[in-house]
Amino acid sequence: MSLADEHEVDVEFYHRDGTIYVDTRTSAPEQLLVLLDGLGLERHDCEGEIWHQVPDRMDEIAMKDMADRAAWVLTRHGYQVSVDAGLFGGTAYRAALAASPADRPSSAPAAPAPSASRPRRTR
């Protein structure tokens, strides 16, 4: 049983020993695994167990941006996603944030603008 199975979600983001893992349900469809591959997560397969992880070569800010983008894309595709509450915001993340340029673009997609198709009523 996977961690995602235990938490009754399709995808679980968590960390162990400084590595961020992305776990899927045991019966995850290949479509979901390919989607995670396409988001830049590294797929691992060992003795029939498949998991993904955020590449270790990324800095803390890039890891958070990737996780935010992945969670957004996955939920847009109808998957239930859980991100461990302690995953980001620790000392290393705050230090990386302080050292980064203030104008660093976020890779998380912007929310869509409200629809202007509805006309205003006038009296």
Side-chain angles (χ1 to χ4, degrees):
M1 177 178 271
S2 73
L3 193 57
D5 290 324
E6 289 178 25
H7 291 148
E8 298 180 357
V9 295
D10 297 306
V11 181
E12 175 80 22
F13 286 79
Y14 68 99
H15 64 94
R16 294 274 193 284
D17 301 324
T19 300
I20 299 172
Y21 295 99
V22 182
D23 193 29
T24 57
R25 287 187 182 267
T26 304
S27 60
E30 183 65 21
Q31 170 186 336
L32 173 56
L33 302 176
V34 169
L35 184 59
L36 293 171
D37 295 340
L39 290 167
L41 298 163
E42 296 174 341
R43 187 190 299 206
H44 297 272
D45 186 351
C46 182
E47 298 178 11
E49 283 194 41
I50 298 173
W51 72 93
H52 285 79
Q53 72 182 56
V54 174
D56 289 331
R57 65 188 173 280
M58 297 180 124
D59 68 17
E60 294 284 330
I61 295 171
M63 285 181 186
K64 174 146 180 17
D65 288 346
M66 175 182 266
D68 287 345
R69 184 179 72 245
W72 185 85
V73 168
L74 292 166
T75 56
R76 296 282 298 178
H77 279 83
Y79 294 107
Q80 292 180 326
V81 179
S82 175
V83 179
D84 181 16
L87 197 58
F88 297 106
T91 307
Y93 176 72
R94 288 193 303 270
L97 202 58
S100 74
D103 60 350
R104 182 178 180 149
S106 172
S107 60
S115 175
S117 61
R118 184 174 168 185
R120 290 188 177 183
R121 191 180 275 190
T122 58
R123 290 188 181 197

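Below, all heavy atoms of this structure are taken into account, side chains as well, without hydrogens, waters or symmetry copies. These numbers come from a predicted model, not from an experiment.
Counting heavy atoms from C-beta outward, T24 and L33 have side chains that approach closer than 4.5 Å. A 4.5 Å side-chain heavy-atom check between D68 and V83 finds every atom pair outside the cut-off.
Closest non-hydrogen pair, R25 versus Q80, comes out as NH2-OE1, 4.5 Å. The two residues V54 and M66 come nearest to each other via the heavy atoms CG1-SD, 4.0 Å. Taking every heavy atom of both residues into account, A70 and F13 meet most closely at CB-CZ, 3.7 Å. Residues A4 and D10 come closest through the heavy atom pair CB-O, 4.0 Å. Counting all heavy atoms, side chain and backbone alike, I50 lies closest to D23 at O-OD1, 4.5 Å. The minimum heavy-atom distance between G40 and P55, with the atom names listed, is O-CG, 3.5 Å.
Remark: I20 CD1 to K64 NZ distance equals 10.0 Å, nearest 0.5 Å.
V34 belongs to no multi-residue hydrophobic cluster, having no ILVMFWY side-chain contact under 4.5 Å with any other such residue. The hydrophobic cluster around L3 extends to Y14, Y21, W51, counting ILVMFWY residues whose side-chain heavy atoms fall within less than 4.5 Å of a member.
For the side-chain hydrogen bond (donor to acceptor under 3.5 Å, both in side chains) test, residues two or more places apart in sequence or in another chain that qualify with T26 are D5. Residues meeting the side-chain hydrogen bond (donor to acceptor under 3.5 Å, both in side chains) test with H7, sequence neighbours left out: E12.
Taking hydrophobic clusters as Ile, Leu, Val, Met, Phe, Trp and Tyr residues chained together by side-chain heavy-atom distances below 4.5 Å, V73 does not share a cluster with V9.
A salt bridge (Lys or Arg N to Asp or Glu O under 4.0 Å) check over residues 48-58, counting only residues at least two apart or in different chains, returns the pairs E42-R57. Listed by first and then second residue, the side chain to side chain donor-acceptor pair (under 3.5 Å) pairs involving residues 29-39 are E30-R43, D37-R43, D37-H52 (not counting sequence neighbours).
A 6.0 Å sphere centred on NE2 of H77 holds no more than 12 heavy atoms belonging to other residues, nucleotides or ligands.
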